[in-house]
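Heads up, the thing below is written out as structure tokens.
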There are 2 protein chains.
Amino acid sequence: MIKYKNALFNCTMELAIELIGGRYKALILWHLLDRTLRFSEIKRLIPQATQKMLTQQLRSLEEDGLIIRKVYPEVPPKVEYSLSESGKNLKPVLEAMCQFGKSYVEEHELKTQMLIHP
Amino acid sequence: MIKYKNALFNCTMELAIELIGGRYKALILWHLLDRTLRFSEIKRLIPQATQKMLTQQLRSLEEDGLIIRKVYPEVPPKVEYSLSESGKNLKPVLEAMCQFGKSYVEEHELKTQMLIHP
DNA sequence: GTAGTAAGTATCTAAATGGGTACTATATTA
DNA sequence: TAATATAGTACCCATTTAGATACTTACTAC
């Protein structure tokens with residue numbers, strides 16, 4: 001039994017789901033694996049998420065100590081997000097997920113189409 | 001770009017999240033990694049989920065071809081769930097998640113307490 | 001003849017999630 | 001003088017998700 005933030009988890013798997021199971025969390029972490037990103041860059045990388053959603057997910061990831069939020073006291077604002085040490089531990093998970101997705105696409109012969117980006 | 005069930009995904013990671021991101025999906029798959037399970041066994045393993053939720057998640061996993069549902073024409077009913085070949089490809093993901101959870105518990109010194117089971 | 005069983009479905013309600021729009025700050029640019 | 005840029009917050013509404021409860025089937029045990 002694991003206690004975290006007034007919730008009980010029966011196994012580490014349940015805790016892991018709680019930590020990275022959010023709507024866009026794994027995707028954000030995946031992008032941060034490459035490098036530190038500004039808020040606007042994340043928004044551009046995940047256009048299907050609204051600004052509110054991104055802010056929410058980023059705050060949650062920060063609270064759980066998976067990412068680090070660095071605010072520069074400038075105008076216009078500049079905020080950089082990067083992976084914490086805990087967050088970096090997610091690398092095997094994220095890479096395995098990506099690999100699984102790839103194999104799933106191949107097995108199920110999902111049409112992969114390139115779209116020209118303006 | 002990947003097209004799956006009338007939805008578009010920008011990368012395999014997004015698809016993977018769609019497939020295993022549901023409330024109890026990863027947990028169900030994790031338990032099925034060990035062995036085939038009857039519905040009632042899954043219910044016992046994940047008591048925090050209602051029957052409706054479990055049925056829903058299991059149906060979704062079946063639709064996505066990650067698990068196999070075998071119904072025995074008996075009364076009372078007997079239904080067995082097992083991993084498909086696609087589902088078995090999730091093993092590295094699930095094991096990495098579990099490992100991450102473990103390291104997170106250690107790093108953050110979350111009290112792990114044993115509860116006596118009646 | 002009643003109770004219990006396994007794996008559900010149906011229905012209703014409550015709570016969480018998500019989207020849209022408007023608003024904020026202040027320095028720089030046109 | 002007005003527009004632009006960034007990283008938000010505030011508010012309202014719609015949708016989705018989740019929970020609780022009752023019901024079903026047909027066989028077996030009591």
Side-chain angles (χ1 to χ4, degrees), chain A residues 4-10 14 17-29 31-32 35-64 66-83, chain B residues 4-10 14 17-29 31-32 35-64 67-82:
Chain A
Y4 183 62
K5 288 186 175 172
N6 288 327
L8 286 175
F9 302 93
N10 295 307
E14 286 185 20
I17 293 171
E18 171 72 17
L19 292 173
I20 64 168
R23 197 81 162 81
Y24 302 105
K25 285 187 182 176
L27 200 52
I28 293 170
L29 294 163
H31 287 302
L32 288 177
R35 60 184 182 86
T36 293
L37 292 170
R38 291 186 61 172
F39 183 81
S40 55
E41 294 178 299
I42 299 177
K43 216 164 67 175
R44 238 166 283 136
L45 288 166
I46 313 177
Q48 68 270 35
T50 60
Q51 183 156 8
K52 194 183 76 172
M53 270 297 104
L54 281 186
T55 305
Q56 221 172 73
Q57 299 288 297
L58 287 164
R59 284 297 190 290
S60 175
L61 287 169
E62 192 196 1
E63 257 188 52
D64 292 332
L66 297 177
I67 64 173
I68 291 160
R69 179 167 176 267
K70 190 173 178 190
V71 183
Y72 294 82
E74 300 175 5
V75 169
K78 178 177 170 180
V79 179
E80 279 182 353
Y81 293 93
S82 58
L83 289 185
Chain B
Y4 183 61
K5 288 187 175 172
N6 289 325
L8 285 177
F9 303 93
N10 295 309
E14 286 185 20
I17 293 170
E18 170 73 16
L19 292 173
I20 64 168
R23 197 81 162 82
Y24 302 106
K25 285 187 183 178
L27 198 52
I28 292 170
L29 293 161
H31 286 302
L32 287 177
R35 61 182 181 87
T36 293
L37 291 171
R38 292 187 61 172
F39 183 81
S40 55
E41 293 178 299
I42 298 176
K43 214 164 67 175
R44 237 166 284 135
L45 287 165
I46 312 176
Q48 68 269 35
T50 61
Q51 183 155 9
K52 194 184 78 173
M53 270 298 102
L54 281 186
T55 305
Q56 222 171 76
Q57 300 288 297
L58 286 164
R59 285 294 191 291
S60 174
L61 288 169
E62 192 196 1
E63 258 187 52
D64 292 333
I67 63 173
I68 291 160
R69 179 169 176 266
K70 189 174 176 188
V71 183
Y72 293 81
E74 299 175 8
V75 170
K78 178 177 172 182
V79 178
E80 279 183 355
Y81 293 93
S82 58

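Order of the sequence lines sets the chain letters (A, B, ...), proteins ahead of strands, with each chain counted from 1.
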Q.
At 4.0 Å (heavy atoms only), tell me whether Y72(A) reaches a base, stays on the sugar-phosphate, or touches nothing.
A.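 Since no nucleic acid heavy atom lies under 4.0 Å of Y72(A), the category is nothing.
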Q. NA contact type, E74(B), heavy-atom cut-off 4.0 Å: base, sugar-phosphate, or nothing?
A.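 Result for E74(B) = nothing.
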(Q) If you take any heavy atom closer than 4.0 Å to DNA chain C, which residues from residues 53-62 of chain B end up in contact? (A)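 Going residue by residue through residues 53-62 of chain B, the ones with a heavy atom under 4.0 Å of DNA chain C turn out to be T55(B), R59(B).
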[N] [atom2] sits how many Å from [X] [atom1], rounded?
{"X": "E80(B)", "N": "dG8(C)", "atom1": "CD", "atom2": "C1'", "answer": "16 Å"}
{"X": "K78(A)", "N": "dT4(D)", "atom1": "NZ", "atom2": "P", "answer": "23 Å"}
{"X": "Y81(A)", "N": "dA7(D)", "atom1": "OH", "atom2": "P", "answer": "8 Å"}
{"X": "K70(B)", "N": "dA7(C)", "atom1": "NZ", "atom2": "P", "answer": "14 Å"}
{"X": "Y24(A)", "N": "dT17(C)", "atom1": "OH", "atom2": "C1'", "answer": "10 Å"}
{"X": "K52(B)", "N": "dT17(D)", "atom1": "NZ", "atom2": "C1'", "answer": "8 Å"}
{"X": "Q51(A)", "N": "dG20(C)", "atom1": "CD", "atom2": "P", "answer": "13 Å"}
{"X": "E41(B)", "N": "dT5(C)", "atom1": "CD", "atom2": "C1'", "answer": "15 Å"}

According to side-chain hydrogen bond (donor to acceptor under 3.5 Å, both in side chains), who are the partners of [X], at least two apart in sequence or on a separate chain?
{"X": "E62(B)", "answer": "none"}
{"X": "Q48(A)", "answer": "E14(B)"}
{"X": "T36(B)", "answer": "none"}
{"X": "E80(B)", "answer": "Y72(B)"}

Interatomic spacing from [atom1] in [X] to [atom2] in [Y] - rounded to 0.5 Å:
{"X": "H31(A)", "Y": "L37(A)", "atom1": "NE2", "atom2": "CG", "answer": "8.0 Å"}
{"X": "I20(B)", "Y": "S60(B)", "atom1": "CD1", "atom2": "OG", "answer": "12.0 Å"}
{"X": "L32(B)", "Y": "L27(B)", "atom1": "CG", "atom2": "CG", "answer": "10.0 Å"}

(Q) Need to verify one output field. Residue with the more 5' nearest nucleotide on DNA chain C, T50(A) or R44(B)? (A)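 By nearest-heavy-atom nucleotide position, the 5'-most residue is R44(B).
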Q) Where along nucleotides 24-30 of chain D does protein come under 4.0 Å, by heavy atom, of base (B) or sugar-phosphate alone (S), with - for untouched nucleotides? A) --BS---
Q. Just how large is the angle between the end axes of the helix from dG1(C)-dC30(D) to dA30(C)-dT1(D), five pairs per end, to 10 degrees?
A.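 For the helix from dG1(C)-dC30(D) to dA30(C)-dT1(D), the axes at either end differ by 10°.
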Q.
I'd like to check the side chain to side chain contact (heavy atoms under 4.5 Å, CB included) partners of L58(A); sequence neighbours left out, ordered by chain and number.
A.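 With sequence neighbours excluded, L58(A) shows a side chain to side chain contact (heavy atoms under 4.5 Å, CB included) to I28(A), F39(A), I42(A), I67(A), Y81(A), given in chain and number order.
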Less than 4.0 angstrom between a side-chain N/O of [X] and OP1 or OP2 of [N], yes or no?
{"X": "R38(A)", "N": "dA7(D)", "result": "yes"}
{"X": "S40(A)", "N": "dA7(D)", "result": "yes"}
{"X": "R23(B)", "N": "dA18(D)", "result": "yes"}

Q: Return the set of residues passing salt bridge (charged side-chain N to carboxylate O under 4.0 Å, His left out) with K5(A) (not counting sequence neighbours), or none when no residue passes.
A: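 Expected list: E63(A), D64(A).
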Q. Under the salt bridge (charged side-chain N to carboxylate O under 4.0 Å, His left out) rule, what pairs show up with a residue in residues 41-60 of chain B, not counting sequence neighbours?
A.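 Only R35(B)-E41(B) qualify under salt bridge (charged side-chain N to carboxylate O under 4.0 Å, His left out).
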Q.
By nearest atom, which of the nucleotides dA7(C), dA7(D), dG19(D) is closest to the R69(B) side chain?
A.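 Selected nucleotide (nearest to the side chain): dA7(C).
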Q: Could I get the full list of ring pair (Phe, Tyr, Trp, His ring centres under 6.0 Å) partners for Y4(A), not counting sequence neighbours?
A: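 Per chain and number, Y4(A) pairs via ring pair (Phe, Tyr, Trp, His ring centres under 6.0 Å) with Y104(B).
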Q. Of all heavy-atom pairs between A26(A) and I17(B), which one has the smallest distance, and what is that distance?
A.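 Minimum heavy-atom separation between A26(A) and I17(B): CB-CD1, 3.6 Å.
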